[in-house]
Amino acid sequence: MTFLIYDSLTKKKQQFVPVDKNNVRVYACGPTVYNYAHVGNARMSVVTDLLIRVLKTIYKNVKFVSNITDVDDKIIEAAKKEKVKIEDITSKFEKIYNQDMLELNVRLPDIQPKATEYIKEMIIMIEKLVQNQSAYISNDNVIFNVKKYKHYGVLSRRTKDEQIAGSRIEVADYKKNPEDFVLWKPSKEDEPGWESPWGRGRPGWHIECSAMSEKCLKTPFDIHCGGVDLTFPHHENEIAQSCSLVANDCEPSEFSKYWFHNGFVTSNGEKMSKSLGNIKLVNDMLKEYSGPVIRLSLLSSHYRQPLDWSKKILDQSKKNILRFSKVLKDIENKVDTNNLNQNDNDFIRALYDDLNTPKALAVLNGWFDDLKKNSSSNENLVFLIKQALQIFGLDIKRNQSTNTNITEEEKIMIEKMIQEREIARKNKDFRKADELREKLKEMRIFLDDTSGGTIWKKNES
RNA sequence: GGUGCGGUGGCGGAGAGGCUACGCACCGGCCUGCAAAGCCGAGUACACCGGUUCGAAUCCGGUCCGCACCUCCA
């Protein structure tokens, strides 16, 4: 089976051939931790998590590294505003980020390096770039000279000159070229800083990923992931830095072989932005929807397509998850999937075609239908479904609602009302029975008359 | 102005020269005291205009519209 992956460097679907099939290596640009994670962050994490799960069906050893950016101007700003220490902000939001992602069943990366722990590596890298004249010092900043790298612009398909007219680039006067970027900048007294050959300062944004990916994975590695918005300038600059360490004309693929970018999330058709106040936080959504529901929503369209986030998409996923869980209840412990691995089926074939999740979902739906028709007697089907859900990362059991936040008193009252309704039903006093159903509904208690008696659920999901 | 991605039924969303996915909603039927769930069934589609072809939603040319990036952003 071959895995096809769309490579944004060549702008084509490519057959995935690892650098070393015994050690497949993937890097993803992680979050800057100064705020709660939003749906956009979540999409990147979930999609990358799926990529890793799929790669693991083919390759035994897959090493996944995704960083935490814990030094950045936005963090400094946030700390100033809150009047707390930088570390208080970063450690708080790092924890929240990982917790939120865990709720979405995103596995932790094998290594989650923090930028501040790799300052030494960054300095060494910058020194080399200064030495080989890829970078220059100006106004106490170390700046990368974009003109020195032959392939600058290949990833984003931009030539330096054509985008300047009409763009919003403001050229800092200490730069030789407008798109030159900062590798190292001086820090003020009250800003975090490290001693360096250029005085006390801190790294620019891009160098951290070059340093951490090199250190944790060794270059060239296989896949570099991130949101589309990172293609320019972040990834373009990463390529320039990392490749310039080797040679001025070093091919971009000598850094990472494939580039994997997920599409943007909009909110009700609009870009999520602070000014519009429409940033959807994972943390908030988890109060209303379960992890699997959010995860399924994020995977319901192809990862490269734009995704418009709305209540509708969540409600739709919620129904689908509910439907799955109903069927699943009957087959609970039928087959142990732990040590099984069968990857020659339509579901996996869809995923091997550049992670076609909608198609894979369609296959899964078909299996659920078959299973219902064969009254859960087909062991192979049960196995396939369980494996598929595992690869998708949908832990549906976790979705099952429990009536936990209900007090004993409420419980007694509810059960009393249900009993009352039972009596009314037996006496064919259906008007009273319906009244009781309505009353409970107003309390968000939903009744379900089954052959085994009436069961109830609060705010059913 | 430059770059990239799109416009598919009421909605979400794959596909990609003939077999017209899939899900949600809606409608009809079965079931049910009524609901819910489940089951069975029906319907509606490929932005526009040309062209190529026996045949185009799918290829080619043009037009219109949307989104994102070019500044921090996943």
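All values below were derived from every heavy atom in this structure, side-chain atoms included, with hydrogens, water molecules and symmetry-related copies excluded. Here the structure is a predicted model, which means the values were calculated and not measured.
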Taking only residues two or more places apart in sequence or in another chain, which ones pass side-chain contact (heavy atoms from CB on, under 4.5 Å) with E117(A)? K114(A)

Contact class for V265(A) (heavy atom, under 4.0 Å): base, sugar-phosphate, or nothing? base

Would you mind reading off the distance between K318(A) atom NZ and A25(B) atom C1', rounded to a whole angstrom? 16 Å

Which nucleotide in the list C34(B), C69(B), A14(B) gets nearest to the side chain of K271(A)? C69(B)

Taking only side-chain nitrogens and oxygens of N365(A), does any of them come within less than 4.0 Å of OP1 or OP2 of C22(B)? no

P252(A): partners by side-chain contact (heavy atoms from CB on, under 4.5 Å), with sequence neighbours left out: L9(A), Y149(A), H151(A), V154(A), I239(A)

Review item, side-chain donor-acceptor pairs of residues 74-86 of chain A, under 3.5 Å, at least two apart:
none

Do the side chains of R202(A) and D73(A) get close enough for a salt bridge, i.e. N-O under 4.0 angstrom? yes

Checking all strands, does N356(A) fall into the base, sugar-phosphate, or nothing category for heavy-atom contacts under 4.0 angstrom? sugar-phosphate

With sequence neighbours excluded, tell me which residues meet side-chain contact (heavy atoms from CB on, under 4.5 Å) with T357(A). L50(A), L299(A), L351(A), F392(A)

Taking 4.0 Å as the cut-off, does a side-chain nitrogen or oxygen of K359(A) come that near to OP1 or OP2 on G13(B)? no

By ring pair (Phe, Tyr, Trp, His ring centres under 6.0 Å) - contacts of Y303(A) (at least two apart): F260(A)

Atom C1', compared across C34(B) and G66(B): separation rounded to whole Å: 47 Å

Base-pair string, RNA chain B, Watson-Crick plus G-U, cut-off 3.5 Å on both distances, | for inter-strand, is (((((((..(((.....[...)))..((((.......)))).....(((((..]....))))))))))))....

Could you pick out which residue, L307(A) or Y6(A), lies toward the 5' side of RNA chain B when each is mapped onto its nearest nucleotide? Y6(A)

Return the residues of residues 309-316 of chain A meeting this criterion: a heavy atom under 4.0 Å from some atom of RNA chain B. Order them by number, or give none. K312(A), Q316(A)

Geometric class of the H235(A)/H261(A) ring pair [parallel <30°, tilted 30-60°, perpendicular >60°]: tilted

Nearest-0.5 Å distance, CD of residue E435(A) to NZ of residue K439(A): 7.0 Å

Remember a base hit wins even if backbone is also touched, and classify G366(A) as base, sugar-phosphate or nothing at under 4.0 Å, heavy atoms. nothing

Base, sugar-phosphate, or nothing for D449(A), non-hydrogen atoms under 4.0 angstrom? base

Within the 4.0 Å heavy-atom criterion, would you say G40(A) contacts the bases, only the backbone, or no part of the nucleic acid? base

On RNA chain B, more 5' by nearest nucleotide between N320(A) and V39(A) is N320(A)

Closest to the side chain of R157(A), out of U3(B), A14(B), A68(B), is U3(B)

For Y289(A), all residues meeting ring pair (Phe, Tyr, Trp, His ring centres under 6.0 Å), sequence neighbours excluded: none

So, for F144(A) and Y136(A), is the gap between ring centers shorter than 6.0 Å? no

Footprint string (nucleotides 37-43 of chain B, 5' to 3'): B base within contact, S backbone only, - free, heavy atoms under 4.0 Å: SSSS---

List the residues meeting side-chain hydrogen bond (donor to acceptor under 3.5 Å, both in side chains) with N67(A), not counting sequence neighbours, and say none if there are none. Y27(A), T69(A), E208(A)

Distance, C1' atom - from C59(B) to G18(B), rounded to whole angstrom: 14 Å

Please determine whether a side-chain nitrogen of the Lys or Arg among K373(A) and D370(A) lies less than 4.0 Å from a carboxylate oxygen of the Asp or Glu. no

List in numerical order all residues of residues 413-433 of chain A for which some heavy atom is under 4.0 Å away from an atom belonging to RNA chain B. R421(A), R425(A), F430(A)

Roughly how far apart are L155(A) CG and S8(A) OG, rounded to 0.5 Å? 6.0 Å

Classify H38(A) by what it touches in the nucleic acid, base, sugar-phosphate, or nothing, heavy-atom distance under 4.0 Å. base

D434(A): what forms a side-chain contact (heavy atoms from CB on, under 4.5 Å) with it, not counting sequence neighbours? none

